[in-house]
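Here is the structure we will look at.
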Amino acid sequence: MANIVEQYIEIAKKRNPGEPEFIQTVEEVLTSIEPVLEAHPEYVEAGLIERLIEPERGVSFRVSWVDDNGKVQVNRGYRYQFNSAIGPYKGGIRFAPNVYPGIIKFLGFEQIFKNSLTGLPIGGGKGGADFDPNGKSDAEVMRFCQAFMTELYRHIGAYTDVPAGDLGVGTREIGYMFGQYKRIVDRYEGVLTGKGLAYGGLSGRTEATGYGIVFFAREMLKACGESLEGKKVVVSGFGNVTWGTVQKLNELGAKVITISGPDGYILDEAGVSGEKVDYLLELRSSGKNICAPYAEKFPEAKFFPGEKPWGVKADLYIPCATQNEIHLADAEKMVANGTKFLCEGSNMPTTNEAIKYLMDNGVVVGPSKAANAGGVACSCIEMGQNAGHTVFSPAQVYEQLETIMVNIHKNAADAAARYGLGYNLVAGANIAGFEKVAQAMMAQGIV
Ligand code: GLU
């Protein structure tokens, strides 16, 4: 069976040259589901894996817009609709200068399993553009979003494909894209999630991803007989995900000692809490760097320019910035510091060799596709809210979110145990996510 998995990886490499991020996730997922393929030769027979690693559809399109100086700008937009076996394509849109098909495909592929793990009826997809919203005026962002949606609208719909935010795409961008979609199709429908509360958005969606990550981390610690109370936590990033994570960690009695931005990281042994979290929010919306001003305002904090926080000793690490922020050398530092837990907040923050090293050295790793699934789960609740022409209260949302995260942890742990892999959440999440999609694909024939 190892041989056949290698063959699939070779197919993916051949079909997607120069796209290492996509190959990285394909390797990670396929290696974990090897025992499932052994138990289900009919999946191999049905070409299920060859179909799974090939997006059902992918579009690339020109996005032309005019900047504030009257100059024409051209960007490239994408949407990869990866798998619709269990529901409409669902996944965010990323605006960042490094966006290219390899990034969108890696995110879209991850989304298949993440969405399946939520237990909700959503397939996997992802989109984006090589547009950098940093330093752009509000009017420029609006024009870009409108131009982007003028092409994307024909590929999406409440029952076809429901995009949301990701890096560089927040409530403001979703608002501009939603307005343009509605203007073009002349229909009010839940085609995007992460909307503002005034027009169909879900209470709690903004913090959902971060809260969900902490619930997942709490379950990981609980499974090992520990709790978050009094734990020192190293967190990276400073966006929405970090903000929700920091808030919930504080609420559950843990101490957040770092945050990071493009300019470096902050070590604050007194804990990032209270007015410091509010200040972070202020800095974030100003679009400026965060670490230097934070250290200026709170002099007890130390600023390490241009560095990452992985060498700081902690009980738990929660990377929340972007993909591949933890390499083997970082994992070695964590192990040397005696940590037992890493819970991934951002999508694929750890390289495959770093994950292996951590796990080989007894660190429990909570994979992002399980740990950060609370965001997309709440997106699906938003779809339900829109389709039912109703509004859910924050309490209703938080309760569902917590239940979903507890179930994801349990299903991942159980799946690994069923295949004799012990408490291995990385393999378990891949297996549990894959099983449902595989059953649905088998039932629907060769499509
Ligand atoms: N971009 C988020 C993720 O990585 C959210 C996707 C969504 O809500 O559709 O899961």
Side-chain angles (χ1 to χ4, degrees), residues 21 25 78-84 86-96 99 103-129 152 156-171 173-174 177-178 190-196 200-213 216 237 239-245 319-323 325 344-349 366-386 397 400-401 404-405 408 429 433:
E21 295 86 357
T25 171
Y78 305 95
R79 186 76 184 165
Y80 277 90
Q81 299 176 327
F82 236 105
N83 192 293
S84 61
I86 64 168
Y89 309 107
K90 180 85 197 86
I93 290 174
R94 177 176 290 195
F95 290 164
V99 160
I103 295 273
I104 303 298
K105 283 191 212 164
F106 119 62
L107 291 165
F109 189 69
E110 288 272 307
Q111 207 81 43
I112 303 172
F113 309 97
K114 181 193 314 202
N115 295 3
S116 166
L117 279 168
T118 65
L120 298 168
I122 34 178
K126 206 86 184 191
L152 186 68
I156 62 175
Y159 294 93
T160 314
D161 183 355
V162 183
D166 195 82
L167 297 182
V169 178
T171 316
E173 290 75 16
I174 292 289
M177 287 193 271
F178 184 77
V191 67
L192 296 173
T193 61
K195 299 185 289 297
L202 185 79
S203 294
R205 173 65 188 88
T206 315
E207 58 272 32
T209 312
Y211 281 20
I213 291 163
F216 193 88
N240 256 347
V241 176
T242 306
W243 176 66
T245 302
C320 293
T322 189
Q323 69 274 354
E325 39 172 333
E344 297 183 332
S346 44
N347 289 314
M348 202 171 77
S368 54
K369 60 171 80 65
N372 77 18
V376 75
C378 283
S379 273
C380 191
I381 298 172
E382 183 172 330
M383 288 162 71
Q385 172 179 278
N386 297 156
V397 175
Q400 286 189 72
L401 172 66
I404 288 169
M405 296 316 298
I408 293 176

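As the structure lists them, so they are numbered: ligands from 1, and atoms in each ligand from 1.
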Exercise for the section: Output the set of protein residues with a heavy-atom contact under 4.0 Å to ligand 1, ordered first by chain identifier and then by residue number. Expected result: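 Under the 4.0 Å cut-off, ligand 1 touches Lys90, Gly91, Gly92, Gln111, Lys114, Lys126, Ala164, Gly165, Asp166, Arg205, Asn347, Val376, Ser379.
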Practice task
Please list, chain by chain and in numerical order, all residues satisfying ring-ring contact (aromatic ring centres under 6.0 Å, His included) with Phe216, sequence neighbours excluded.
Solution key: His409
Exercise for the section: Mind checking ring-ring contact (aromatic ring centres under 6.0 Å, His included) for Phe106 and listing every partner two or more places apart, or none if nothing turns up? Expected result: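 Phe106 satisfies ring-ring contact (aromatic ring centres under 6.0 Å, His included) with no residue once adjacent residues are dropped.
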Problem - Note: Glu382-Arg205 ion pair, threshold 4.0 Å (strictly below) - result: no
Exercise for the section: Answer with yes or no whether the side chains of Lys114 and Asn347 bring together a donor and an acceptor at under 3.5 Å. Expected result: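 Yes, because at least one side-chain N or O of Asn347 sits under 3.5 Å from a partner of the opposite role on Lys114.
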Practice task
Check whether the side chains of Asn386 and Lys195 place a donor and an acceptor atom closer than 3.5 Å, and report yes or no.
Solution key: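 Note: Asn386 and Lys195 side chains meet the donor-acceptor criterion.
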Exercise for the section: Any salt bridge (charged side-chain N to carboxylate O under 4.0 Å, His left out) involving residues 159-171? Give me the pairs, sequence neighbours left out, ordered by first then second residue. Expected result: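 For residues 159-171: Arg79-Asp161, Arg94-Asp166, Lys126-Asp166.
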